[in-house]
Amino acid sequence: MPAFAVMAAVMGAFAFERAEATAMVPETGWINLPGEPCEVPVQCDFRPSGPLCTATYEGTSHVAKGKSNPAVNICDKTLRMPLN
């Protein structure tokens with residue numbers, strides 16, 4: 001029984017560390033301006049939950065989006081505000 005408890009604790013620690021590492025991934029978001037997609041870069045995070053990534057550009061608040069495919073100039077990926 002003690003060996004099982006130690007093994008479970010070690011595996012749980014690795015699982016938590018991995019989940020924490022992937023929970024917040026810095027990613028460049030982009031503000032889509034009228035007629036100019038993916039025009040203004042913004043620092044965001046890619047994670048499952050939290051406030052949407054927003055930025056103010058020329059006095060107007062915008063939701064920043066990421067590129068699902070970096071080779072295509074389409075910004076439609078939902079990103080979150082950085083935690084720090």
Side-chain angles (χ1 to χ4, degrees):
M1 180 75 172
F4 176 75
V6 169
M7 185 174 76
V10 169
M11 292 185 73
F14 282 117
F16 180 75
E17 181 178 316
R18 182 170 179 102
E20 191 173 293
T22 59
M24 183 181 70
V25 179
E27 185 169 329
T28 300
W30 301 88
I31 295 174
N32 290 312
L33 298 176
E36 300 177 51
C38 309
E39 185 63 21
V40 181
V42 177
Q43 183 59 47
C44 301
D45 286 340
F46 180 64
R47 62 179 192 278
S49 64
L52 292 176
C53 188
T54 59
T56 301
Y57 179 74
E58 293 185 351
T60 303
S61 182
H62 298 270
V63 174
K65 298 282 190 165
K67 293 182 179 182
S68 297
N69 180 349
V72 180
N73 202 31
I74 297 173
C75 295
D76 58 359
K77 183 178 178 181
T78 300
L79 299 176
R80 307 297 176 176
M81 291 297 289
L83 293 177
N84 42 349

S.K.: Under 3.5 Å, which donor-acceptor pairs do the side chains of residues 30-44 form with other protein atoms, sequence neighbours left out?
M.R.:
from: Asn32; atom 1: OD1; to: Cys38; atom 2: N; distance (Å): 2.8
from: Asn32; atom 1: ND2; to: Cys75; atom 2: O; distance (Å): 3.2

S.K.: Applying salt bridge (charged side-chain N to carboxylate O under 4.0 Å, His left out) as the test, list every pair that has at least one member in residues 53-79; sequence neighbours left out.
M.R.: Glu27-Lys77

S.K.: How many angstroms lie between CZ in Arg80 and SG in Cys53, if you round to the nearest 0.5 Å?
M.R.: 10.0 Å

S.K.: With distance as the sole test, does Arg47 use its side chain to make a donor-acceptor pair with the main-chain N or O of Pro82 at under 3.5 Å?
M.R.: no

S.K.: Using every non-hydrogen atom in the two residues, find where Thr54 and Ser61 come nearest and quote the distance to one decimal.
M.R.: CB-OG, 4.2 Å

S.K.: Using 0.5 Å steps for rounding, measure from the NE2 atom of His62 to the OG1 atom of Thr56.
M.R.: 8.0 Å

S.K.: Does Thr78 reach the side chain of Leu52, with side-chain heavy atoms less than 4.5 Å apart?
M.R.: yes

